[in-house]
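The sequence lines fix the lettering, A, B, ..., with proteins before strands; numbering per chain opens at 1. Atom set for the values below is all heavy atoms of this structure, side chains included, hydrogens, waters and symmetry mates excluded.
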Amino acid sequence: MLDIKFIIENPETVKEGLAKKGYTKEQIDIDGLITLHKDVNKLKTSTQTLAEEKNKLSNSIKSASNEDRPAIIAKSKEIGEELKKEQELLAEEQKKYDNIMWRMPNLPCPESPVGPDESGNVVIRRVGEPTKFDFTPKDHVELIELNDWSELERITKVSGARTYAIKNELSRLELAMHLMVLDKLTEHGFTTITVPSLSKQKPLYGMGYLPFSQDEVYYMPADDLYLSGTAELVLNSLRADEILSENDLPVLYAGFSPCFRREAGAAGKDTRGLVRVHQFLKTEQFVICKNDIAESEKWHKTLLAISEEVLQDLELPYQVLEICTGDMGAPKYRQYDLEAWTPSQNCYRETHSCSNITEWQARRTNLRYRDNKDGKVKFVHTLNNTGIATPRILVPFIENHQQSDYTVRIPTKLQPYMNGKKFIGKNAQNKEA
RNA sequence: GGAGAGAUGGCAGAGUGGUCGAAUGCGGUUGACUCGAAAUCAAUUGUACUCUUCACGGGGUACCCAGGGUUCGAAUCCCUGUCUCUCCGCCA
C-alpha cells in the first residue's frame, strides 16, 4: 500500500513506477484515484459537520426544559436521517477508494533494472564454476531411486501430484539443512520461531498475497482458513497494529514452517522430482526495521549475504540475479534471487528470493514504531528472504555432489548435522571405513 | 465437541444509557530536589482522519475486541463473529 499523500504530491513518479512494473493506466488510474480521494474528503468533512451538529443537540437535551425537549429531539432526528444518508454515500466512495489502494503495487527501486518479464533480470555475479564430472552424471530422481531415498511414485497415489516422500538419509539431510541454517541465523541475531501454516484471511491481505495471487493459495472453507505459502505470511502479521519502540528494532525472525502452494499457474512445469511441489519446508528470514531506505537497503544486502553464505556452506555454484521491475511481484521494492547450478538441466535454478518491501506491507498490517529523533509514529520497513527451502535445494545438492558410485558428498559445514557423515548413499559405508 | 466466565488506554483496573477519550494505580516523558542516583514532589502522557494556521497551535469527527442494531444520545442495552480463561470430553 502506498501513501496517498505521496501519490498526490508525486503523481508522475507514481505513474512512472507503475509503468515500469507493467501496469497500464487502464489497470490503475492515478488521476482518477486522486479525484476520488478529494471526493471522499469532501464527504468526510460534510459528514463530520453534521455529526458535530447532532452531537451538540444530543448533549443539550439533558439540560433542556420539558417544553423545549421535543423540538430538539425532532431536530436531532432530522439531522440523524441526513447524516445516515451522507454516511452511506461516504462508505460507498470509501470502498471504491480502498479497493484501488489495496490493489496498488509497490513502486520499484530506481536502481532496479527495467524490463517486462524475467528476460530483463540481470546476473550480477556468479560464484563457483558449474560442476564438472569425469563420469556421466545422473539427475536427482535417478540418484534418489538408486539410493532408496524416496517414494516419489507411490506417494502420488496417496497425496496426489506434486507431493513427495523422502526417506532414509535423505530425510535426515532435509532436516539437517534447516538446522544448519537456523543455527546460522541465530548467530546473526535472529530469533528462531516456528509458526503455523494456517492463517486467517486478513494476513493474506497484509502480505499482499491477496488480492494479487488468489489462485496460488489453498483455502479451507469449512474453517474459513488458508494454508500459508510461506512463514513470511504469519511473521508479517504477527505484530500487526502494534506501535513498536525504535529501540526494539530491528526485529529479526528466522521462521520455520511447512509451506503450501497450489502451483496453479505452473501446469506442466517441473513435474519431475522435487523441484516444484505443493507442500515443502522453509526456513524464512524476516526483518522489521525502521523507516529509512538506507537502513532497509543495508538489511537487504545483509539478508542476501546470509543466503549466499548458505549456498557457499553447501558448496553449490550459484548466481545472484537482480530482478527487473516487470518480474518482481506487486509488494516488492527491490529483489534479488539466488539460483544454484543444476547439472541435469544445465542451468541455474532458483533457490532463494530476497526482497525489500519498504513500508508497503507495514501500511497494510498497520505496523508502526515511534521514532526516537522526532517522536513521530512511522511505518516500519519489512524484508524477507529464503533461509533455505526443501526439498527444492536437494535437487542441485544431490546432483552437484554426486559421485560415480551414486553416493553424495556432504560438505564440511553440513557434516555436524549429519552425524559426521562425509558421504550418504547405499555405497557410502564402504567409503567411510 | 459440551458447560460457564470474560475482552476497557503501554500494563493493572474502575466505570451498566447523558460533557466518558474514559477514575485510580503502575509504567513512560519532562521539571524540581541531589555531586550523582534512589526516594519524594510537580507537570505531562493514545491513534487515525478532517478543517484551520506560513508556523507554534487551535477546532472537529471516529475509536473502550470486530461488525451490525436499538436510542435524540451507547464503553454501558440487543444480535452476530473473533479471541481468551475455567471445567468436562477427546487427543500428539
Distance test, side-chain N/O of Asn55(A) to OP1/OP2 of rU61(B), below 4.0 Å: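 For rU61(B), OP1 or OP2 has a side-chain N or O of Asn55(A) closer than 4.0 Å.
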Could I get a table of every N or O pair under 3.5 Å where one atom is in the protein and the other is in nucleotides 44-47 of chain B?
from    : atom 1 : to        : atom 2 : distance (Å)
rU47(B) : OP1    : Arg370(A) : NH1    : 3.1
rU47(B) : OP1    : Arg370(A) : NH2    : 2.8
rU47(B) : O3'    : Arg368(A) : NH1    : 3.1

On a whole-Å scale, what distance lies between the [atom1] atoms belonging to [N] and [M]?
N	M	atom1	result
rG1(B)	rC11(B)	P	30 Å
rU86(B)	rC26(B)	P	30 Å
rG2(B)	rG89(B)	P	15 Å
rG36(B)	rU52(B)	C1'	48 Å
rU8(B)	rA75(B)	C1'	7 Å

Sort me out a list of protein N/O and nucleotides 49-52 of chain B N/O pairs below 3.5 Å, or just none if empty.
from    : atom 1 : to       : atom 2 : distance (Å)
rC49(B) : O2'    : Lys44(A) : NZ     : 3.2
rU50(B) : OP1    : Asn41(A) : OD1    : 3.2
rU50(B) : OP1    : Asn41(A) : ND2    : 3.2

Sugar-phosphate only, base, or nothing, as touched by Leu57(A) at under 4.0 Å among non-hydrogen atoms: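 Result for Leu57(A) = nothing.
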Dump the pairs, protein N or O against N or O of nucleotides 26-31 of chain B, anything under 3.5 Å, distances to one decimal.
none

Complement of rG1(B), any strand, by Watson-Crick or G-U distances under 3.5 angstrom: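 rC88(B) - that is the nucleotide pairing with rG1(B), both distances being under 3.5 Å.
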Check: Tyr333(A) ring centre within less than 6.0 Å of His300(A) ring centre: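 Centroid separation for Tyr333(A) and His300(A): 6.0 Å or greater.
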